[in-house]
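Below: the structure, in structure tokens.
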Amino acid sequence: QVQLVESGGGSVQSGGSLRLSCVASGSTIGYTYGRYSMGWFRQAPEKAREGVAGIGRDGSTVYADSVKGRFTISRDVGKATLYLEMNNLKPEDTAMYYCAARGTPLKTLEARLYNYWGQGTQVTVSS
């Protein structure tokens with residue numbers, strides 16, 4: 001089992017930046033974290049959950065078109081932590097942001113393919 005806890009959300013003005021973190025824990029996480037592929041997702045009120053960024057076991061990344069060039073996903077395997085650096089934020093980025101993990105190596109933005117989810121952290125961008 002893997003537990004995920006997000007942090008770093010908040011309220012910013014349009015054009016601002018935030019850095020989200022997601023710490024993984026579990027009885028075997030110390031030697032298994034590097035095997036997981038990870039992702040960031042978001043869900044705005046009355047909208048479906050959408051994939052924002054994903055990172056594979058090999059460190060390769062994938063982004064939604066709406067965030068390319070503005071968001072960067074990264075991970076620190078030693079700290080079992082996933083990050084999402086968000087720059088030039090827009091009001092349409094306002095949502096609850098979730099991190100997710102799956103025990104297969106390939107990156108993906110398909111939410112249905114992830115096994116473990118955090119509780120989310122709220123990001124609000126005002127114009």
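Counting from 1, the numbers follow the sequence of the chain as shown.
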*Which heavy-atom pair separates Leu109 from Ala64 by the least distance, and what is that distance?*
CD1-N, 3.7 Å
*How long is the span from the NZ atom in Lys107 to the CG atom in Leu113, to the nearest 0.5 Å?*
13.5 Å
*Kindly indicate, with the supporting measurements, whether the criterion side chain to side chain contact (heavy atoms under 4.5 Å, CB included) is fulfilled by Ile73 and Leu82.*
CA-CA 7 Å; Ile73 187 172; Leu82 180 74; 3.9 Å; yes
*asked:* Using every non-hydrogen atom in the two residues, find where Leu20 and Gly9 come nearest and quote the distance to one decimal.
replied: CD2-N, 3.6 Å
*List the atom of Ser126, the atom of Pro91, and the distance in Å for their closest heavy-atom pair.*
C-CG, 4.5 Å
_Contact summary for Ser66 and Arg42, nearest pair of heavy atoms_ = OG-NH2, 3.4 Å
*In terms of hydrophobic clusters joined by side-chain contacts under 4.5 Å, are Tyr116 and Leu84 together?*
yes
*Quick one: are the ring centres of Trp117 and Phe41 less than 6.0 Å apart?*
yes
*Tyr36 (side chain) donor-acceptor with Ala100 (main chain) under 3.5 angstrom*: no
*Run the side chain to side chain contact (heavy atoms under 4.5 Å, CB included) check on Arg70 and Met86 step by step: do they pass?*
CA-CA 6 Å; Arg70 300 189 297 123; Met86 305 187 294; over 6 Å; no
*To the nearest 0.5 Å, what is the distance between CZ (Phe71) and OG (Ser17)?*
9.5 Å
_Are there over 12 heavy-atom neighbours, none belonging to Gln119, within less than 6.0 Å of that residue's CD?_
no
*Under a 4.5 Å cut-off applied to non-hydrogen side-chain atoms, are Arg57 and Ser37 in contact?*
no
*asked:* Once rounded to the nearest 0.5 Å, what's the spacing between atom OG1 of Thr72 and atom CH2 of Trp40?
replied: 13.0 Å
*Does the side chain of Ser21 come within less than 4.5 Å of Lys79's, by heavy atoms?*
no
*Quick one: do Tyr83 and Tyr98 end up in the same hydrophobic cluster if we chain Ile, Leu, Val, Met, Phe, Trp and Tyr together by side-chain heavy atoms under 4.5 Å apart?*
no
*Using modelled atom types only, decide if a donor and an acceptor are shared between the side chain of Glu6 and the backbone of Gly120 within a distance under 3.5 Å.*
yes
_Lys68 with Asp65: basic N within carboxylate O range, under 4.0 Å_ = yes
*Report the distance from atom CE of Met38 to atom OG of Ser74, rounding to the nearest 0.5 Å.*
11.0 Å
_CG-OG1 distance between Asn115 and Thr104, expressed to the nearest 0.5 angstrom_ = 7.0 Å
*When you check the side-chain N and O atoms of Tyr114 and Arg102, is any donor under 3.5 Å from an acceptor?*
no
*What's the shortest heavy-atom distance between Val52 and Tyr97, and which atoms?*
CG2-CE2, 4.3 Å
*Check the hydrophobic clustering (I, L, V, M, F, W, Y; side-chain heavy atoms under 4.5 Å; chains of links allowed) and say if Val125 and Tyr63 are grouped together.*
yes
*asked:* If we check side-chain contact (heavy atoms from CB on, under 4.5 Å) with Ser11, which of these qualifies: Val123, Thr124, Thr94?
replied: Thr124
*Interatomic spacing from NZ in Lys90 to OG in Ser127 - rounded to 0.5 Å*: 13.5 Å
